2 protein chains.
Amino acid sequence: MKPKYQVLIDDIKSKILSGVYSVGERIPTESALKDMYCVSRQTVRKAILELSNEGFLRSEKGSGTYVSNQYQSKSGRKSYNKTIGVITTYISDYIFPSIIRGIEGRLNEENYSLLLASTNNDVEQEKKALEMMLSFGVDGLIIEPTKSNLFNPNIAYYLSFKEHDVPFIMINAYYEELDVPFLCLDDVQSSYLATKELVSKGHTQIGHISKSDDLQGKYRMKGYIKALGEAKLRFHPEKVLSFDTETKLELYINLKKFLNENRDELTAMVCYNDEVGLEVVNVCRQLGISIPDELSIIGQDNSYIARNANIKLTTLTHPQEQMGRDAADWVIKKLQGGGKDLPNETYYHPVLIEGETVKELKKINSCESRQLSTRCLNKKMY
Amino acid sequence: MKPKYQVLIDDIKSKILSGVYSVGERIPTESALKDMYCVSRQTVRKAILELSNEGFLRSEKGSGTYVSNQYQSKSGRKSYNKTIGVITTYISDYIFPSIIRGIEGRLNEENYSLLLASTNNDVEQEKKALEMMLSFGVDGLIIEPTKSNLFNPNIAYYLSFKEHDVPFIMINAYYEELDVPFLCLDDVQSSYLATKELVSKGHTQIGHISKSDDLQGKYRMKGYIKALGEAKLRFHPEKVLSFDTETKLELYINLKKFLNENRDELTAMVCYNDEVGLEVVNVCRQLGISIPDELSIIGQDNSYIARNANIKLTTLTHPQEQMGRDAADWVIKKLQGGGKDLPNETYYHPVLIEGETVKELKKINSCESRQLSTRCLNKKMY
DNA sequence: AATTGACATTTGTACGTACAAAAAATATAC
DNA sequence: GTATATTTTTTGTACGTACAAATGTCAATT
């Protein structure tokens with residue numbers, strides 16, 4: 001358990017690093033902090049003394065305590081460190097090794113070092129990672145946002161980076177509340193193409209699995225709805241299963257329930273990503289649903305797990321390594337002074353990769369009113 | 001007029017610098033100093049705290065206050081970051097993603113964060129990474145040594161970690177100059193088994209490609225020599241090609257020259273690792289040397305590139321993910337106080353994985369003195 | 001002789017009171 | 001309006017009490 005003075009140190013340091021207290025600004029008096037934190041004045045003083053020793057604060061008798069610039073001059077040795085910080089939600093899973101390979105490759109070409117931290121899509125861990133990077137004084141940052149579809153209190157840190165002219169760029173998603181540079185797959189287009197592919201294969205009963213806390217989830221849902229609309233197919237909310245980072249552990253159970261309930265309603269699923277797509281394959285195997293005979297599935301991202309599974313998942317491309325290279329390239333160029341003509345928003349267009357999980361229903365598409373019963377008949381013949 | 005605590009500081013510092021209190025010696029207790037100087041205990045503590053910050057003293061609860069050496073830095077304070085630093089030579093290539101996966105997985109189970117830096121097997125970048133970790137104050141470290149077979153001036157940092165009781169463990173190799181905990185593949189055994197396999201397949205003209213700046217290179221050479229010795233085969237230095245991190249870029253050219261010169265001398269190669277093994281395959285393709293008909297090849301480490309190449313390389317296992325997990329487990333246990341019975345040296349035993357790059361020569365092994373001319377005759381017949 | 005448990009000792013955290021010293025704010029005089 | 005004196009505010013030094021946490025010591029037991 002942290003001592004009280006350490007809680008104060010951490011809080012005040014956090015406020016300094018995030019720009020709540022800016023350099024030269026006077027922080028609340030010892031007496032005010034005593035009341036704010038419900039501690040004794042001695043405890044406040046102990047915290048302030050330690051922060052002064054670390055160069056964050058400077059006290060003046062009779063006047064007050066001010067944010068010092070000593071820590072900043074230490075972290076301001078940007079060109080000396082030649083290090084780029086990378087903050088991602090995960091490191092060794094899914095498409096992240098490929099992204100990191102792209103980043104690392106490009107950085108090595110310019111002899112930049114890489115400092116990498118992961119957040120596990122958790123706001124507290126993102127905060128810690130940001131403070132680490134700020135404290136050390138990285139030259140630039142490549143950041144994958146955490147829970148990008150929800151409000152994030154760490155946004156203050158990004159504003160602080162902007163203020164200190166530390167170039168950073170976001171990948172995979174961005175905070176819509178901020179005007180920041182980013183590189184993203186066109187998530188709308190990805191789901192749109194997936195849904196459109198299923199429509200072109202004769203599917204009219206198409207479900208969707210969505211992730212609610214990431215911006216990708218929102219726009220992949222948008223693409224799904226857009227393609228339904230173009231095909232004059234109605235959007236049914238009960239054909240959508242939504243989950244988030246915290247409920248991901250229960251996805252297997254929720255999928256089982258969802259697919260059982262919709263067994264006779266759906267002929268196809270557009271999944272949030274390949275990981276979810278393969279989870280659907282797994283659950284269908286448990287429920288005795290034949291893929292793709294009874295249910296067609298499309299994942300997204302073209303991850304290695306889609307390519308290496310027992311059944312080759314139909315999926316959409318994700319720029320992965322190229323996006324990593326481009327992000328590193330952007331930061332390097334920014335650091336080398338050529339920031340004027342760098343793009344602030346880059347979208348990558350997805351391409352469909354055919355696998356073994358989509359079945360064409362065109363043969364029985366001549367009479368749409370009998371589609372479901374024809375499907376049941378077809379099933380009895382095999 | 002000097003404050004009382006400054007009088008104490010000056011007096012105690014003077015006693016330390018003059019040798020009255022020698023390094024490692026316990027100075028009088030707070031209570032005794034209170035009586036000696038006729039001040040309050042708080043005033044004594046203030047003096048001791050400042051001397052501790054300056055590196056002159058070190059206090060231990062329940063025990064006393066000791067004279068420290070002056071190299072002790074402020075980063076010796078206990079860390080509350082719950083972050084483990086990992087320093088590896090590379091991040092996204094070869095077997096490193098698997099190792100990192102193991103580390104990350106174990107750390108996540110205990111809610112530790114991961115901070116990752118790579119050195120590219122360069123001493124300066126290792127120094128930078130170590131300073132970053134020290135500066136931030138990680139709770140523990142997992143380190144893959146840089147140029148582990150050469151003297152490394154950064155060894156002082158590892159001594160500093162030891163002194164500050166920051167638990168760290170090395171993976172893949174260690175510095176033989178230091179008595180540090182480590183987890184390693186048994187590199188002697190790996191090359192020994194590779195060479196022995198070739199011997200058992202009838203090969204007597206066996207070459208070796210070695211890496212001189214890493215400890216693995218030294219011990220894999222040792223295993224090669226050991227197996228030659230057991231088979232009563234002579235060790236020929238001209239059948240060994242050695243390279244290091246800096247000359248790696250020229251490996252292709254040097255391999256071409258080496259394999260051309262030894263075209264009629266060698267029937268098999270034990271390679272430092274899979275990467276080198278596949279490079280040999282590549283060069284042989286250029287030189288028109290048929291694998292494994294004319295030259296058998298064994299790599300080491302069972303990396304994904306060995307499993308996914310056009311030709312499946314015969315190789316030896318490396319613990320990769322398991323070793324990563326064990327390293328993280330070791331550090332976590334150390335941090336949780338259970339340091340007494342943790343192993344200081346762990347070796348993993350390699351196992352041969354058969355591929356498509358080794359040919360058996362047993363049919364023509366009956367007369368060893370005519371082996372080379374028989375091989376030439378055999379070649380003319382095809 | 002080795003181990004265990006109880007107790008003493010020592011440092012660490014946190015609260016409080018009191019006064020000193022320097023800067024800032026306000027009042028007063030011109 | 002400006003200069004000076006006085007008061008208030010804020011940090012700095014020093015004292016004290018109380019309890020927690022870790023280490024060290026010693027006696028009893030096996």
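Only a predicted model underlies this, so the values are computations on that prediction, with no experimental measurement involved. Residue numbers begin at 1 in each chain, while the letters A, B, ... track the order of the sequences.
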Query raised in the report: Are any of the side-chain nitrogens in A:Lys13 or A:Glu50 under 4.0 Å away from the carboxylate oxygens of its partner?
Result: no
Query raised in the report: Taking NZ, NE, NH1 and NH2 as the nitrogens, is one of them in B:Glu110 or B:Arg106 under 4.0 Å from a carboxylate oxygen of the other?
Result: yes
Query raised in the report: Can you pull the ring-ring contact (aromatic ring centres under 6.0 Å, His included) pairs that have at least one residue in residues 96-119 of chain B, sequence neighbours excluded?
Result: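 Sorted pair list: B:Tyr90-B:Phe96.
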Query raised in the report: Does A:Tyr66 or A:Val39 map to a spot on DNA chain C nearer the 5' end, using the closest nucleotide for each?
Result: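 Residue closer to the 5' terminus by nearest nucleotide: A:Val39.
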Query - Atom pair distance, as rounded to whole Å: CD in A:Gln42 and C1' in D:dT10 - result: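 Spelled out: CD on A:Gln42 to C1' on D:dT10 is 14 Å.
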Query - Value in whole Å for how far the C1' atom of D:dA22 lies from CZ of B:Arg58 - result: 14 Å
Query raised in the report: Less than 4.5 Å apart, any side-chain heavy atom of B:Leu33 and any of B:Ile27?
Result: yes
Query raised in the report: Is A:Phe168 close to A:Val180 at the side-chain level, that is, under 4.5 Å between some pair of heavy atoms?
Result: yes
Requested in this report: Would you work out how much the helix from C:dA1-D:dT30 to C:dC30-D:dG1 bends between its ends, with each end axis defined by five base pairs, to 10 degrees?
Outcome: 0°
Query raised in the report: Which pairs pass salt bridge (Lys or Arg N to Asp or Glu O under 4.0 Å) with one or both residues in residues 16-25 of chain B, sequence neighbours excluded?
Result: none
**Report entry** Partners passing side chain to side chain donor-acceptor pair (under 3.5 Å) against A:Glu131 (at least two apart in sequence or in another chain)
**Finding:** A:Ser14, A:Tyr157
Query raised in the report: When we call it a touch if two heavy atoms are under 4.0 Å apart, what does B:Thr43 touch: a base, just sugar-phosphate, or nothing?
Result: sugar-phosphate
Report task. Please lay out, stage by stage, how B:Asn172 and B:Glu144 fare under the test side chain to side chain donor-acceptor pair (under 3.5 Å). Result -> CA-CA 6 Å; B:Asn172 274 340; B:Glu144 184 191 22; 3.0 Å; yes
Query raised in the report: Under 4.0 Å between a side-chain N/O of A:Lys4 and OP1 or OP2 of C:dC15, yes or no?
Result: yes
Query raised in the report: Do B:Asn108 and B:Glu104 have side-chain N/O donor and acceptor atoms under 3.5 Å apart?
Result: no
Report task. Enter the distance from A:Phe161:CZ to A:Ser18:OG here, rounded to the nearest 0.5 Å. Result -> 10.5 Å
Requested in this report: Give me the residues of residues 6-14 of chain B where at least one heavy atom lies under 4.0 Å from an atom of DNA chain D, by number, or none.
Outcome: none
Report summary line: Its contact letters, B for base, S for sugar-phosphate only and - for none at protein heavy atoms under 4.0 Å, make nucleotides 5-12 of chain C read -----BBB
Query raised in the report: What's the verdict on side chain to side chain donor-acceptor pair (under 3.5 Å) for B:Ser59 and B:Thr65, showing C-alpha distance, side-chain angles and the deciding distance?
Result: CA-CA 4 Å; B:Ser59 293; B:Thr65 300; 3.0 Å; yes
